[in-house]
Protein chains: 2
Amino acid sequence: MQPPFHRLEEFVGLTPSDINLVRGWAANPRRVARHQPIRREGDPVNGVFFLLAGWAASSVILRDGQRQVIKVHLPGDMLGFPSLVLSSAGETLEAITDVSLCPIPNAAIGRLIEHNPRLTAALLLNTQKERVALMQALTWIGSASALARMAAFLLDLHDRLDSAGLVIDGTFDFPLTQQFIGDLLGLTAVHVNRTLKRLDATGYVDRKKGQITILDFEGLRSVSPNLPPEPAGRAAWSRIGGKA
Amino acid sequence: MQPPFHRLEEFVGLTPSDINLVRGWAANPRRVARHQPIRREGDPVNGVFFLLAGWAASSVILRDGQRQVIKVHLPGDMLGFPSLVLSSAGETLEAITDVSLCPIPNAAIGRLIEHNPRLTAALLLNTQKERVALMQALTWIGSASALARMAAFLLDLHDRLDSAGLVIDGTFDFPLTQQFIGDLLGLTAVHVNRTLKRLDATGYVDRKKGQITILDFEGLRSVSPNLPPEPAGRAAWSRIGGKA
DNA sequence: CCGTCCGAATCACCTATGTTAGTGACATCG
DNA sequence: CGATGTCACTAACATAGGTGATTCGGACGG
């Protein structure tokens with residue numbers, strides 16, 4: 001399948017029936033304007049969202065008002081899946097840019113699990129990949145310096161945008177405020193500014209209005225806290241649920 | 001089902017065939033002595049592990065040698081699931097105490113996804129719950145003080161041990177070194193010591209050799225960064241995969 | 001064309017946490 | 001029953017990153 005659906009076939013091939021189902025999701029997309037909430041922490045959980053276009057964020061708010069951004073979501077991501085096991089939403093989902101997404105109601109997920117084993121496997125494995133990403137984020141934030149976190153974040157973002165075809169020659173859109181990046185990396189906006197300026201001054205990246213260019217990948221990797229884990233690919237899972 | 005298997009039925013009821021399968025796992029348990037590795041980062045991924053008894057830890061090591069402990073695993077937990085989507089293990093699993101666990105090979109997981117939709121749903125939802133836990137950890141480490149993190153950790157650990165029947169009157173085993181807690185909470189061992197002493201001095205907890213007692217739950221909660229999210233329970237998912 | 005607002009960029013100063021370097025209490029073991 | 005090692009605990013000092021406050025420029029709305 002083409003982006004943004006390609007991610008569903010990263011680990012297992014889907015059957016025609018699976019693919020029809022997925023295509024059906026895109027029939028009635030919902031649009032949300034940038035900076036608007038999609039679903040708030042504490043709201044009822046009616047289902048999940050498949051992100052068709054635009055950037056979104058999930059975040060958690062602490063009692064003292066501190067916000068932790070959990071993840072920046074790009075097209076092809078499933079949003080709100082973790083809250084399925086909670087009695088009310090555990091994260092706030094909001095649009096970073098204008099966004100287009102399809103709501104998938106609880107009942108549809110139940111039916112899918114019953115009738116579409118391969119698609120279920122795809123979701124299960126995709127969720128494990130999200131877990132790996134969370135483990136990485138936790139590790140960076142728990143034990144790397146501001147500079148290392150920033151480098152890791154930029155490299156990761158580049159790779160994810162690249163695989164969605166949104167990078168041209170190292171340059172990509174960057175619609176994030178420094179405050180937001182701070183909430184994501186566990187830093188203050190002031191320190192984000194210091195850190196970005198430093199990466200800029202070293203010549204690793206170039207910043208223009210609303211865009212970033214990575215000039216020196218090796219340099220960035222050298223200050224990054226670790227190398228990204230390598231995905232397994234489909235070979236390992238080719239036999240699940242019969243032939244595709 | 002009885003502990004340690006009860007967690008599998010937290011969100012969906014299982015069929016007799018599912019239950020037989022799960023019971024079969026426990027047939028050939030593997031024992032690992034405390035402080036010994038179960039599987040190292042970079043090792044081949046042959047499957048996952050179901051923890052029958054004892055405490056285990058998963059952790060990630062950074063290039064500079066820093067270790068981030070991702071999670072303390074208690075009986076009933078699945079270990080190593082995220083690495084299923086990687087070409088080699090992304091986390092190190094090790095025994096904190098003497099441990100008993102059953103290896104579940106890749107092929108068995110594939111068959112399970114094909115033939116046991118309810119069990120698959122159980123695993124999918126359990127994994128979402130793990131994601132919620134990771135999101136919580138990320139939020140604590142990213143934006144709470146050392147004291148708040150420690151309080152949150154102790155409360156969470158208490159609740160998890162309690163639901164496994166391992167707490168007596170607020171007291172539970174605590175086989176973790178301060179260095180380990182530091183690696184878990186993103187602090188140094190020295191600062192862990194300061195923080196624990198402070199909680200002790202305030203009268204929130206009492207520490208004996210290898211054990212901890214929580215004396216003042218309300219006090220601990222008052223310094224904790226947020227309240228734990230409430231699980232959905234089985235009602236929401238009762239219809240998956242037909243009757244139990 | 002002028003106010004208003006938001007976000008980037010600075011600056012001076014502060015503090016929570018890290019660093020280094022110990023000591024002493026127990027275990028474990030040959 | 002000394003030798004060795006691990007772990008809790010302490011203290012003096014260092015620093016990465018936080019705070020609060022200000023300035024500036026561009027986008028937008030009327």
Side-chain angles (χ1 to χ4, degrees), chain A residues 33-36 57 62 64-69 94 96-98 140-153 173-201 205-212 223 225, chain B residues 33-36 57 62 64-69 94-98 140-154 173-201 205-212 223 225:
Chain A
R34 89 193 180 105
H35 295 174
Q36 293 308 303
L62 258 28
D64 63 0
Q66 281 278 358
R67 171 173 86 153
Q68 178 68 43
V69 172
E94 55 200 317
I96 295 174
T97 65
D98 288 351
W140 294 341
I141 290 183
S143 35
S145 69
L147 192 73
R149 290 181 219 181
M150 186 68 73
F153 167 59
D173 282 348
F174 196 74
L176 309 178
T177 68
Q178 295 182 352
Q179 176 64 54
F180 180 93
I181 303 171
D183 290 347
L184 177 70
L185 300 182
L187 302 169
T188 57
V190 173
H191 204 60
V192 166
N193 187 285
R194 291 200 265 252
T195 309
L196 277 175
K197 257 184 38 184
R198 206 165 133 205
L199 286 176
D200 198 334
V205 306
D206 185 40
R207 294 176 295 153
K208 305 194 190 72
K209 173 123 206 73
Q211 296 212 130
I212 277 204
V223 296
Chain B
R34 89 194 180 105
H35 296 172
Q36 294 309 303
L62 258 29
D64 63 0
Q66 281 278 357
R67 170 173 85 153
Q68 177 68 43
V69 172
E94 57 200 314
I96 295 174
T97 65
D98 288 351
W140 295 340
I141 291 182
S143 35
S145 69
L147 192 73
R149 290 180 220 181
M150 186 67 74
F153 167 59
L154 291 176
D173 282 348
F174 195 74
L176 310 177
T177 68
Q178 295 181 352
Q179 176 64 55
F180 180 93
I181 302 170
D183 289 348
L184 176 70
L185 300 182
L187 302 169
T188 57
V190 173
H191 204 60
V192 167
N193 187 286
R194 290 198 267 252
T195 309
L196 277 175
K197 255 186 36 184
R198 208 165 132 204
L199 286 176
D200 198 334
V205 306
D206 184 41
R207 295 176 294 153
K208 306 194 190 70
K209 172 126 205 69
Q211 295 210 132
I212 276 205
V223 297

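Below, read A as the first sequence line, B as the second, and so on, with proteins coming before strands; counting in each chain starts at 1.
Between B/D183 atom CG and D/dC7 atom C1' there is a gap of 14 Å when expressed in whole angstrom units. Straight-line distance from the CG atom of B/D200 to the P atom of D/dT10: 10 Å, rounded to whole Å. The CD atom of A/Q178 sits 16 Å away from the C1' atom of D/dG18 (whole-angstrom rounding). To the nearest angstrom, C1' of D/dG18 lies 12 Å from CZ of A/R149. One atom, CZ of A/R34, and another, P of C/dC6, lie 12 Å apart when rounded to the nearest Å. Rounded to whole Å, the distance from CG on A/L196 to P on C/dT10 is 12 Å. Atoms NE2 (B/H191) and C1' (C/dG18) sit 9 Å apart, rounded to a whole Å. Put simply, NZ on A/K208 is 17 Å from P on D/dG26, counting in whole angstrom units.
For the pair A/Q36 (side chain) and A/E94 (backbone), a donor-acceptor distance under 3.5 Å is absent. Listed for the B/D200 side chain is no donor-acceptor partner under 3.5 Å among the backbone atoms of B/D206.
By the 4.5 Å heavy-atom criterion applied to side chains, A/V192 and A/L185 are not counted as neighbours. A/M150 has its side chain within reach of A/L196: a pair of non-hydrogen atoms, C-beta onward, lies under 4.5 Å apart. Using a 4.5 Å cut-off on side-chain heavy atoms (C-beta onward), A/T195 and A/R149 make no contact. Contact of the B/F174 side chain with the B/V205 side chain is not registered, since no non-hydrogen atoms from C-beta on lie closer than 4.5 Å. Counting only heavy atoms from C-beta outward, the side chains of B/L154 and B/L199 approach each other to under 4.5 Å.
For the helix from C/dC1-D/dG30 to C/dG30-D/dC1, the end axes, each set by the C1' atoms of five terminal pairs, are bent relative to each other by 50° (nearest 10°).
Among the nucleotides D/dT19, C/dG18, D/dG17, the one closest to any side-chain atom of A/T188 is D/dT19. In the set D/dT19, D/dA11, D/dA8, the nucleotide with an atom closest to the side chain of B/N193 is D/dA8. Comparing atom distances between the A/R194 side chain and each of C/dA27, C/dT10, C/dA12 picks out C/dA12 as nearest. Side chain of B/V190, nearest nucleotide from C/dA8, D/dT10, D/dC7: D/dT10. Listed nucleotides D/dA27, D/dG20, D/dT10 differ in distance to A/K209; the shortest reach to its side chain belongs to D/dA27. With distances taken from any side-chain atom of B/K197 to the nucleotides D/dG17, C/dA9, D/dT10, the minimum falls on D/dT10.
Nucleic acid contact for A/G186: sugar-phosphate only, since backbone atoms but no base atoms lie under 4.0 Å from a heavy atom of the residue. Among the protein residues, B/R207 comes within range of the sugar-phosphate backbone only, with heavy atoms under 4.0 Å from sugar or phosphate atoms but none that close to a base.
The residue among B/L187 and A/T177 whose nearest nucleotide of DNA chain C lies closer to the 5′ end is A/T177. Both A/L176 and B/V192 lie near DNA chain C, and the one whose nearest nucleotide falls closer to the 5' end is A/L176. Residues B/H35 and A/Q66 each lie close to DNA chain D; by heavy-atom proximity, the contact nearer the 5' end of the strand is made by B/H35.
Contact check, A/Q179 against C/dG7: no side-chain N or O comes under 4.0 Å of OP1 or OP2.
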